[in-house]
Amino acid sequence: MVATSNRQPEDLYKQGLQRSNFLPFIDILKIYCDVVCLDSGIDYRADQLRYPKSGDVYLSPDDSSADRAMEKMFEAMCETQSEEIRPRNLHFLGRQLRVPKSCGRIAQFSFHDLCVKGVPQMTMSQKTAARRFITMIDTFYDNQVRLVMSAEVSAADLFRGDARIMSDKEISDNQQLMDDLGLTKEEAAETSIFTGAEEVFAFERTVSRLAEMQTKQYWNRRIEELEE
């Protein structure tokens, strides 16, 4: 068996529910598998040359200059389409999504619409929004969507979260979910779905992917596939 993971065996399912039941598997895994660390300490996504040019597709801070640059980039991309710029509605799986500004296959949203224009810095109190942002970037990346976005701060600072023990108020707010999962106050206070540890860990991948999504190689990859 050959397997890859972005965590060391000791950190698998870290702070997960009933992790004690998972720990024996880690011991077995280490007995039968050689652990090889491939982390060179270099983020190759962030190390690539950016395209169209540095700062053009990830704009920070989110100010009037960023707004003008966003509009300029949007108009330039719309020149590749044969439709007019207009709002439109998309229907998918029985749901309706309002696109405030579109042109053919090009669309523009604000953060409150779809987390693309004017993305604010998020903290642990917005970890639900952070999780949706992570999922959106993962979906865009997997489908090689070319993204232009503006944000309040740099990508590395978008999510300021440190996994920590839950406060009494947070425990009270999540009491129903704790009851459904059969967790005590002490167990919930150290579980990743409540502390935000998973969001903190996953956002590191998001920052790396945002860096790659600004590169010339990423932007050209989709065009090359369509031409094959």
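If you read the sequence from its start, that first residue is 1, and numbering goes on from there. This is a predicted model, so every value here is computed, not measured. The basis for the numbers below is simple: all heavy atoms, side chains too, and nothing from hydrogens, waters or symmetry mates.
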Just jot down the side chain to side chain contact (heavy atoms under 4.5 Å, CB included) partners of S20, sequence neighbours excluded, or say none.
-> none

Is there a side-chain contact between E198 and R131 (heavy atoms, below 4.5 Å)?
-> yes

Note: with side-chain heavy atoms under 4.5 Å as the link, the other cluster members for L93 come out as F92

Set of side chain to side chain contact (heavy atoms under 4.5 Å, CB included) partners for A69, sequence neighbours left out | L59

Return the set of residues passing side-chain hydrogen bond (donor to acceptor under 3.5 Å, both in side chains) with D179 (not counting sequence neighbours), or none when no residue passes.
-> Q175

Give the C-alpha distance, both sets of side-chain angles, the deciding distance and a yes or no for salt bridge (Lys or Arg N to Asp or Glu O under 4.0 Å) between E152 and K117.
-> CA-CA 10 Å; E152 182 180 359; K117 181 180 180 182; over 6 Å; no

Spacing of Q8 atom CD and C37 atom SG [to the nearest 0.5 Å] = 5.5 Å

M73, M213: one ILVMFWY side-chain cluster at the under-4.5 Å cut-off?
-> yes

First locate atom CZ of R68, then atom CG of D63, and finally report the distance between them rounded to the nearest 0.5 Å.
-> 7.5 Å

Those residues that, when tested against K30, pass salt bridge (Lys or Arg N to Asp or Glu O under 4.0 Å) (two or more places apart) = E10

Should L158 and L210 count as side-chain neighbours, where that means a heavy-atom distance under 4.5 Å?
-> yes

Measure from NZ or CZ of R146 to the centre of the six-membered ring of F140 and say whether it is under 6.0 Å with the direction within 45° of the ring axis.
-> no

Verify the cluster assignment for F133 and F109: are they in a single hydrophobic cluster under the rule of side-chain heavy atoms below 4.5 Å apart?
-> yes

CD1-CD1 distance between I31 and I26, expressed to the nearest 0.5 angstrom = 12.0 Å

Contacts of D180 that satisfy side-chain hydrogen bond (donor to acceptor under 3.5 Å, both in side chains) - sequence neighbours left out = Q176

Common cluster, M136/F111, ILVMFWY with side-chain heavy-atom separation under 4.5 Å | yes

Results of side chain to side chain contact (heavy atoms under 4.5 Å, CB included) for D138 - residues two or more places apart only = I134, R205, R209

Report yes or no: do E212 and T215 form a side-chain donor-acceptor pair below 3.5 Å?
-> no

Closest non-hydrogen contact found for L147 with W219 is O-CZ2, 3.7 Å

Residues passing the side chain to side chain contact (heavy atoms under 4.5 Å, CB included) test with F74, sequence neighbours excluded, are C78, I85, K101, I106, Q108

In chain order, what residues pass the side-chain hydrogen bond (donor to acceptor under 3.5 Å, both in side chains) check against D157, with sequence neighbours excluded?
-> S154, R160

Residues at least two apart in sequence or cross-chain that pass side-chain hydrogen bond (donor to acceptor under 3.5 Å, both in side chains) with T128, listed by chain then number, are none

Mind listing the closest non-hydrogen atom pair of V207 and A155 along with its distance?
-> CG2-O, 3.4 Å

Plane angle bin for Y218 and Y141 - parallel if under 30°, tilted between 30 and 60°, otherwise perpendicular | parallel

Pairs touching residues 73-97 that satisfy side chain to side chain donor-acceptor pair (under 3.5 Å), sequence neighbours left out | N89-R98

Residues in ring pair (Phe, Tyr, Trp, His ring centres under 6.0 Å) contact with F22, at least two apart in sequence or another chain | Y13, F25

